[in-house]
Each structure stands twice: as C-alpha cells, then as structure tokens.
> 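Structure provided below as structure tokens; questions to follow.
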Number of protein chains: 2
Amino acid sequence: MARVSIKDVANRLGVSTATVSLVLNGKDKDGRVSENMAEKIRKEAKAMNYKPNNFARALRSGRSETIGLIIADISNPFFSHLAFHIQEHAERFGYSVIITNTNEDTAKMGKMISVLKSRQVDGFIIVPTENGKKYIDELLQDQFPLVLLDRYFSGINVSYVGVNNFQASMQATDYLLKCGCKRIALVIYKTNLRHMQERRDGYVAALAKYDLYDSRLIKEIDYRTIVNDMNRVVFDLMAGKEKIDGFFFSTNTISTLGLKKLAELNIKTPDDIKAVCFDKNDAFDFPGIAIPFVQQPIHEMGKRAVELLIEQMTRQQVLPVHEELTAILNKFS
Amino acid sequence: MARVSIKDVANRLGVSTATVSLVLNGKDKDGRVSENMAEKIRKEAKAMNYKPNNFARALRSGRSETIGLIIADISNPFFSHLAFHIQEHAERFGYSVIITNTNEDTAKMGKMISVLKSRQVDGFIIVPTENGKKYIDELLQDQFPLVLLDRYFSGINVSYVGVNNFQASMQATDYLLKCGCKRIALVIYKTNLRHMQERRDGYVAALAKYDLYDSRLIKEIDYRTIVNDMNRVVFDLMAGKEKIDGFFFSTNTISTLGLKKLAELNIKTPDDIKAVCFDKNDAFDFPGIAIPFVQQPIHEMGKRAVELLIEQMTRQQVLPVHEELTAILNKFS
DNA sequence: TATGATTAATTAATCGTTTTAGCAAATTTT
DNA sequence: AAAATTTGCTAAAACGATTAATTAATCATA
C-alpha cells in the first residue's frame, strides 16, 4: 500500500489540500474552517492512515526536528549514558537525535559537523575535542543553535552545560588529605581543555592549603597512547622513585586503567594506597575495587543540554548560558 | 549568508537548473553536457559553496540515506559498542544512523518503529524485544529493508546477524566441566527469545553428555527486577540449599551482578567457585574479577548488519540471510 | 539534398506540504 | 437596503532537486 498524502485525503472529501493542511495542523480555528468540516477531515485522515511526509514538511519549513549530538566515543560509558538521557529527553519534545563520534580527533569532529549540517539538523550538542575551537566558532558565526557539553573553551560566547570540576576535584583531594595522605599524585590528560585544567586547579588548590603541592606529582598522559602511558606512570610512581600515598585519577578511563595496573602489581586500595577518581565505572561496584569517585549528574546534564538547545531553537534570540551542575564525591561503592 | 541552491548556481552561469543538476550528479556523460560547461559548473558550485538540500532530494527520490537502529539500551556496553561499529561502518557508505532505545519494552519498540518510519529511514537494524514479533512481521509486510541483530524469532523469514549461541554456550559449559565442576548452575533471563533458548540448550547439551543435567539448577530471572532477582538467586544457590560448584551467567548484565553478589558474600572465583559468562564487561579486566567469557565479535556483527542492510536497500530483491558469526570462549582476562 | 543520428541544452512536471492572497456567500452593521 | 464584515473555503506559489520529454543545432549518411 502506497503512502497516503494530504492530496489523497483532500480528493476523497472533495476539498482542497489547503483545508486539510490547516485542520491537521490545528490551525483551523484562526484559519476559519468550520468545525463540521474539520471533524470530517480529522476522521478521514485517521481512517486513511495519513502520515505527513517529513521531507516535504522540512523542505517547506526548513526545520528537521532533529538534533545533532557529537561526542567523543559512544562506547565509553560516560558518553553512552549521556547519549541515553539526551535521547530520552529530546524524544519528549518530538526531536530525534543523530549521534556521531569524534574519537577525540579534531579533524573528525569537523567532518561530523559537516555531515550533520548536510543532514540539516536544527541544532547541535557537542562535546568538543581539544583543538576544535575554530569549528565551534564557525557554527556560532553561522548562528547555529548550539550547546557545548562537558567541556568548553574560554574566550567564546556559547551555551555550556558541565559540572563544578574545580570544586569537585578539591573535594576529592580533600578526602585523600583527610585520610592522612601527604603525597598525592594526579594523573590527567595532557590537554588544554578548560574542564581538565579546572580539575587540576582543584587538586592544586586543595594541596596548596596544606603546603603539600609538588608539581612533580602531576603526571600527564596522552589519549592516544593511554594504555602504555598508564602502565608506565603507575609503575614508575609505585616503583619508589617518588614516594606517594594517594592517587587522584582524573577520568573514568584513566582510573580504570590505573586501578587495573595497581591490581596487577598486587597493590590493594585502600589498604596499600588510597585512591579517588573522577567519574564512575561499572567495575567500581565490586567490593575489591571500591573506590570513592566524583559522581557527575549525567541525567541532569543531558536534560539541561536538551532544554537549553530547544530554547535556542524555538526562541529567536537567547543569550548564551553557562550552567555548572554539582558533582559530588561518592565515598561508598 | 543564506543557503546556496542549485538555482543560484544556474542563474550565475545563465544556464538551467537541469544542467547543473546533471553535472553535479555525475550524469553529464550520458546526460550529455559538454565537458566545457561541466567544468564551469563544477567550479562555480564549489566557489559558491553549494551544498545540496537533502530534504528536497529526499522528497524527490523518496530516500533519506538514513538507517534506523533500534537497540535495547545504549548505555549497556554491549549495545554501545555495537552501535559504535554500526555507525562507523554506515558512515563509510554515506549513511547516517538514528539510534533509539526500547529499554526491553515491546510497546516502546513499536513506538520507536513509528518514530523512525516517520523520519523515513531507508531501513532498519533491530535488536528486537521479547514479544516484538508482530512489529517485525508488519515491517516485512510493508517490504521495509530490515536486519535483525543479536536476537531473532523462529518462523519468520528475515535477515539476521548473530552468533553461534548454542556452540559457544556448550563450549563455556565444557570448560567448567573440564575444570572438574559437577553441578553447574545457569542463570538466564526468563524469555522466549530464541538466542537465549539456544544458550540454554548449549548448556543442557554439554551437561547431558555426562549425565550431569539437573533442571533445578537453571535459574530464570526477570529483566525488570534483575537486581533483586540476582541477589536472591546467587544467595540461595550459595546458601547451600543446592550444592553447586560452577556458575554460567548467560549475559553481560547477569554476570556483572552475579559476580558482584559473590564478592559481597566474600566468595572468590575461581578459588571458591568457578564461573564463566556470556559477553564481556569492563570489570572483567581486573585480576581479582577475571572470569572466562564468551567473546562476541561485536565489530564484525555491526559490520555485517550494515552490509546486509545496504544490500537490501540498494538491490531490488534479496533473499533473507541468516548469518551466524563465531563467538569463542576467552579463557584469559 | 533530404534524412537520420548525435550532441547540448532547456522546459516543465513532480515529490508533499504549507501558507498567502483572494473569492463568494452569509451575516452583521449602519 | 446598501455597505461592511465575517465565515468558509480554494488557487496557486513556494521550498529545492531530479528527470522525462522536447527543442534546436550540428554532423553524418544515403
């Protein structure tokens, strides 16, 4: 059975497509269609199982009711949870979501923006890559509705949803200090993304208060060589070159690999060494692996990102909003 | 700057839109446009940064170059990895993917099919829910290109990509038997989905060979109450009501919860009890949690699903294909 | 030289929906 | 009762791309 168009419905009733369209879009009141006619049209459209052709509608209106979501990697649990909530929320507003991955590659992020532009999404939610500022600038230039998520750049006027990285990191570091740690190592990505710098700053601030800051205990690693880097860093730190008594792992992936290496070296937390981390991993639920972690309000982050974007897409002019949600240290499993 | 249409390019050169369209679609050879003109058009289109309007194109052609992917839950690592590979592969063919979740709810699966139909996707890749057969039947009736993934129904003529559940389960059970286990419990979802039944059958077949099959050792649990169910089942089994010396956890989620409960009860694997499971979880990389698992070729599954679908979408008539890939037991971390 | 074939372009219809402008008839206002 | 307004509907023009049908010119063939 072929698709039923508005014309089919109109022909069946011997009226014009305009009338049918008006009624089906709820504009029959001010479009002045008699209630009698309106009822007949609604009934017939239903009976014929009429479904609007979205392409025609989008062509006419220039709007696709679709959101483009660009994340680093959908197979990373942090992002997959984020994506889940974004979708569930977007759906409620009648929007579909096209998800694409950058794999932390800036060129790929550029390409994905192109792809989504060519799909004519109405707006973007983007977790940007390290050097992706220029692409974000371009989108802003072109007036695309846009919300940055999780990460942002300074010196750029754009809506953003993230967490209180500085505060939360300070809290996590404070926790280790309260446990009696004196020499706490931070393992963090080498990157100029602001949210990472804030995590570092929070750590530094907490230590500085007690005059315990030692820049040699900050270990920077590379996303591309993370497995090797982590093995090396953890091994070196534990091999006694520098005496440390605490670890602050600054992301989900870093902590998972760090803990793995520690377990491999037969070093137990929290007995042999204390550790905290940013973000959660499924593995942390296991008693043997239990580690306090900074819990991000992923649900809320997704929800707010969608809400801010939809506001931009539906209202004419909206001032950019920076929304910093609260992540707190979860001391139990 | 407003969007550049084909008409703008045509006007600038003083030619008709037809000529421009022919050239830009590479039909200038058989469409017979002079090489001279073709070159001019290509150059001008590029200079004006012409991008085709996908809605107009889709309206005209009836094709959206979009695939609808329906999975249970994008935040589950098995599915998020699957989604990742499906996307990467689809992208190579110029297709975008819209992902939606069912949360194992059949009504929601029906709704998601509607949503994707209204988005006019060219085809579907679906991980169906337990009672979703009728929806799949409908799609087939309407001749939609369709590939089922991971799970399927019997008595239905549709393309499918999955793994050798029976063989792999037998292999996993065999492994426990080789370890000396005599009473092996299977924890599995209560469902009529074929792939689960195959996993059960593989387990049964392996045990039957040695006359060790005992139906009381099969524990069925419910997806909706999985956390409670798992805690109860593992506790009961270990509390001595039935003496068991091995566990076969039949999915990713089941095994994670099962191992968690065991750890909580301070029971160690493989020292205190042996265990194997179907599918992988990040936690399994940890030495303390190491457990042999059946490893599914997720990359290949995604790749083949996309390939089979694209074949259906591009050729006229294609016979349904059942593709059973090989999952093998990974005995190490 | 007339005829047919080839080449190089254009015209105009089409996909399905939305929406502006406008026409007649019915109703209200003066 | 004429004028003004309201009501109920339609015609037709977009939106942008594709393509079958056509024209017109050039070239080759008999």
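We name chains A, B, ... by the order of the sequence lines, and we start the count at 1 in each one.
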> What is the nucleic acid contact for A/Leu59, judged by heavy atoms within less than 4.0 Å: base, sugar-phosphate only, or nothing?
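It contacts base atoms.
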> Which part of the nucleic acid, if any, lies within reach of B/Val20 when heavy atoms closer than 4.0 Å are counted: base, sugar-phosphate only, or nothing?
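Nothing: the residue B/Val20, judged by heavy atoms under 4.0 Å, touches no strand.
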> May I ask you to verify if any side-chain N or O of A/Arg57 is less than 4.0 angstrom from the OP1 or OP2 atom of C/dT18?
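Yes, within the criterion.
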> Has B/Ser75 got a side-chain atom pairing as donor or acceptor with A/Ser80's backbone, closer than 3.5 angstrom?
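No; judged by distance alone, with no hydrogens or angles, the pair does not exist.
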> Which nucleotide, D/dA17, D/dA11, C/dA9, lies nearest any side-chain atom of A/Ala18?
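In terms of side-chain proximity for A/Ala18, the closest of D/dA17, D/dA11, C/dA9 is D/dA11.
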> OP1 or OP2 of C/dT18 versus the side-chain N and O atoms of A/Ser21: is any pair under 4.0 Å?
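It does, given that an N or O in the side chain of A/Ser21 lies less than 4.0 Å from OP1 or OP2 of C/dT18.
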> Ion pair present between B/Glu324 and B/Arg304, side-chain N to carboxylate O less than 4.0 angstrom?
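Not counted as a salt bridge, because no side-chain N and carboxylate O are separated by less than 4.0 Å.
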> Between P on C/dC15 and CZ on B/Arg63, what's the gap in Å once rounded to a whole number?
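Atom CZ in B/Arg63 sits about 18 Å away from atom P in C/dC15.
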> Check this for me: does any side-chain nitrogen of one of B/Lys303 and B/Glu323 sit under 4.0 Å from a carboxylate oxygen of the other?
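No salt bridge links B/Lys303 with B/Glu323.
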> Quick check: on DNA chain C, is the nucleotide nearest B/Ala38 upstream (toward 5') of the one nearest B/Ser61, or the reverse? Name the residue that is more 5'.
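Result: B/Ala38.
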> Under 3.5 Å, side chain of B/Arg63 to main-chain N/O of B/Arg57, donor-acceptor pair present?
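Such a contact is absent between B/Arg63 side chain and B/Arg57 backbone.
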> Touch check for A/Ser5, heavy atoms < 4.0 angstrom, all strands: base, sugar-phosphate only, or nothing?
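Counting heavy atoms under 4.0 Å across all strands, the contact made by A/Ser5 is with sugar-phosphate only.
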> Charged N to carboxylate O under 4.0 angstrom, B/Arg42 versus B/Glu35?
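Salt bridge between B/Arg42 and B/Glu35, a charged N being under 4.0 Å from a carboxylate O: yes.
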> C/dT19, OP1 or OP2 - any side-chain N/O from A/Lys27 closer than 4.0 Å?
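Yes, because at least one side-chain N or O of A/Lys27 sits under 4.0 Å from OP1 or OP2 of C/dT19.
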> If you check the A/Thr19 side chain, which of C/dT17, D/dA17, D/dT10 turns out closest?
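Of the candidates, D/dT10 comes closest.
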> Given C/dT11, is OP1 or OP2 found less than 4.0 Å from the side-chain N or O atoms of B/Ser16?
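Result: no.
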> Does C/dT7 have its OP1 or OP2 closer than 4.0 Å to a side-chain nitrogen or oxygen of B/Ser34?
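Checking B/Ser34 against C/dT7: no side-chain N or O falls below 4.0 Å of OP1 or OP2.
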> Are A/Asn25 and C/dT18 close enough that a side-chain N or O sits under 4.0 Å from OP1 or OP2?
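A/Asn25 to C/dT18 OP1/OP2: side-chain N or O found under 4.0 Å.
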> Without decimals, in angstroms, what is the distance between A/Gln120 CD and D/dG16 C1'?
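A/Gln120 atom CD is separated from D/dG16 atom C1' by 10 Å.
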> Using whole Å, what does the distance between atom C1' of nucleotide D/dC9 and atom CZ of A/Arg32 come to?
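Atom-to-atom, A/Arg32 to D/dC9, this comes out as 9 Å.
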